[in-house]
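Because the structure is a prediction, the values reported are computed rather than measured. Positions are given from 1 along the sequence. Remember, it's 1-based here, ligands and their atoms both numbered in the order they're listed.
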Amino acid sequence: MGKVLVEKLLRSCPDVNALYILVRPKAGQSMSERVQDMMKCKLFDRVREDNPDFHQKIIPISSELMQPGLAISPEDVQTLTSCINIVFHCAATIRFDEPLKHALQLNVIATQQLLSLAQQMQHLQAFIHISTAYANCNRRHIDEVIYPPPVEPKKLIDSLEWMDDNIIRDITPRLIGDRPNTYTYTKALAECVVQQESGKLNIGIIRPSIVGASWQEPFPGWIDNFNGPSGVFIAAGKGILRTMRASNDAVADLIPVDVVINLTLAAGWYTAVHRPKTALVYNCTTGGINPFHWGEIEHHVMSTFKRNPLEQAFRRPNANITSNYLINQYWILVSHKFPALIYDLFLRLSGQKPQMMRIFNRLHKAIGLLEYFSSQDWEWNSDNMNMLMSQLSAEDKKTFNFDVRQLNWPEYIENYCIGTKKYVLNEDMSDIPAARQHLRKLRNIRYTFNTVLLVFIWRVFIARSQMARNIWYFVVSLCFKFLSYFRASSTLTQ
Ligand SMILES: CCCCCCCC/C=C\CCCCCCCC(=O)SCCNC(=O)CCNC(=O)[C@H](O)C(C)(C)COP(=O)(O)OP(=O)(O)OC[C@H]1O[C@@H](n2cnc3c(N)ncnc32)[C@H](O)[C@@H]1OP(=O)(O)O
Ligand SMILES: NC(=O)C1=CN([C@@H]2O[C@H](COP(=O)(O)OP(=O)(O)OC[C@H]3O[C@@H](n4cnc5c(N)ncnc54)[C@H](OP(=O)(O)O)[C@@H]3O)[C@@H](O)[C@H]2O)C=CC1
């Protein structure tokens, strides 16, 4: 989301002088190498076309959320406090399996530290915090208010500070209570921390639901990660994922990333200009406005990947969702574990390292963590989103479009799936005929395998059971009778 925000600011807000972005070194790359890489990304193609020198506006600031004071140097603190007008805070850990202490540090303590830095900023007009629509997923109906936190954040921070990691792991389920993971729990605490500062700053809180590929900007279908549904779509497209627990009729509250960013920017403007007395919360969701369901998503994902197959698929794409636990377990056994076992056996026999079972184990862990969100639905009130839209001029409504009533879901899902192929997997669209050929080969292998298996089972059956033999003779004689009748009647008509 950070990248999409930077791109949109550069493209649609030419009067913005500079963008200070907090970046950490990662995976052997320095801060500036990472920023260089980001600017080379396809996402920035349109900006690059309009202004090849756009990089001059981007000023990276070295920062690490795990460190005290976010590890921002005193000189950088000086720069930031003297020239920042608006803060957009979207850094977080979004992993569902993050240990509580880590999630607390990244999502709550780092937010607290950024807020105290913001308080020193002399020209700050607005502080926009990105939360999640699922921060309060323990409720069915979610209003645009900050709910009382499950625990006072400061108390939890103080307690976890002295606790051993093993103790924290043991008490985590008790602490998070009816929330499914440490992510939603710490995001709820972060909202509370933001609220505690709302007297001193102009604050807006954006709560997106499940962020997906871009709808329109900078081009349809842009996505570059495996988070949320993207990984599920790819696994289904590769023919690996065949079954998942999800409710066909539950609303799939996907929200395109460009919609979230447009709303975030509009909220930044509104907060700075109108300075609301208390922090305004914007539920940024689609379910209440233009609902679409997981069953429909399944249909359109499968149809897109059949028409535009991914390269080197493991099997032909054919994923089904079910809300029934036992049916899902059955298909996991038959369509996941059994083929994985056979394929690994084949790899072993051909002297290679088995890998399919390992892939399936990881897939099962990942979808197990997502099922909570795909098996039920929520109702979000979106009055503030509507209010914000009514405040925009006609031109701004177009430039910062977040009117999801216009979203055509089948078209969006098709672009989303093609986006995963092009931008996540870096596959070329010109290779589609070869991918189709590969699917035909897989279909033939399946037919051959099924026929051999059927003949084998039948042979064993016939050898062991008199009744099976009788049925077999009966069926064969019936076929012969039918054939001879068919021959006789065709001779008569001649
Ligand atoms: C036919 C379809 C029907 C559809 C059916 C329904 C679908 C429903 C789907 C979903 C709905 C729910 C969604 C809810 C959302 C809530 C909203 C929010 O507010 S938050 C945002 C959401 N956050 C997450 O999505 C984090 C979830 N992910 C995780 O927590 C972890 O990733 C986890 C536990 C699932 C897996 O952790 P690990 O440690 O096993 O794996 P790791 O490190 O994440 O990555 C696996 C491999 O993928 C590569 N990878 C990851 N990103 C990559 C990238 N961009 N490019 C290339 N490779 C990448 C990595 O390098 C790694 O590969 P190497 O093993 O190292 O080789
Ligand atoms: N994706 C989704 O479906 C949803 C996301 N959100 C919220 O939107 C925001 C952005 O999410 P999204 O873009 O999807 O997530 P990403 O994981 O892509 O982005 C998170 C950002 O936080 C940074 N970050 C994480 N840990 C550290 C650290 N220790 N030090 C410095 N920076 C760090 C990451 O930097 P780096 O690149 O160095 O890792 C990355 O830029 C989050 O607040 C999330 O809670 C809300 C609803 C849905």
Is it the case that the ring center of [Y] lies less than 6.0 angstrom away from the ring center of [X]?
X: F233; Y: F226; value: no
X: Y372; Y: W378; value: yes
X: F96; Y: F373; value: yes

Which of the ligand 2 atoms, numbered from 1, are nearer than 4.0 Å to a heavy atom of [X]:
X: L106; result: 26 (N), 27 (C), 28 (C), 29 (N)
X: A91; result: 21 (C), 22 (O), 23 (C)
X: S209; result: 47 (C), 48 (C)
X: I130; result: 7 (C), 8 (O), 9 (C), 43 (O)

Looking at ligand 2, does any of its N/O atoms fall within less than 3.5 Å of an N/O of [X]?
X: I210; value: no
X: V211; value: yes
X: C90; value: yes
X: N227; value: no
X: A92; value: yes
X: E64; value: yes

Within less than 4.0 angstrom of ligand 2, does [X] place any heavy atom?
X: R34; answer: yes
X: S131; answer: yes
X: Y134; answer: no
X: A110; answer: no

**Message:** On a heavy-atom basis, I'd like to know which of I94, N107, T93 is closest to atom 14 (O) of ligand 2.
**Reply:**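 Selected option, by shortest heavy-atom distance: I94.
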**Message:** Heavy atom to atom 43 (O) of ligand 2, shortest distance: which of M1, H129, K187 holds it?
**Reply:**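 Heavy atom nearest to atom 43 (O) of ligand 2 belongs to K187.
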**Asked** Should the pair K365 and F360 be classed as cation-pi, given the thresholds of under 6.0 Å to the six-membered ring centre and 45° from the axis?
**Response**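 No cation-pi geometry.
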**Asked** Quick one: does NZ or CZ of R95 land under 6.0 Å from the six-membered ring centre of Y183, within 45 degrees of the ring axis?
**Response** no
**Item:** Check ion pair R11-E7 (N to O, under 4.0 angstrom)
**Value:** yes
**Request:** Fit a plane to each ring of W269 and H274, take the angle between them on a 0 to 90° scale, and name the class: parallel (under 30°), tilted (30 to 60°) or perpendicular (over 60°).
**Result:**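 Judged by the thresholds at 30° and 60°, the geometry between W269 and H274 is perpendicular.
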**Request:** Determine the interplanar angle of the W380 and Y134 rings, folded into 0 to 90°, and report it as parallel if under 30°, tilted if 30 to 60°, perpendicular if over 60°.
**Result:** perpendicular
**Complete:** For F127 and A118 the tightest heavy-atom approach is CD1-CB, 3.7 Å
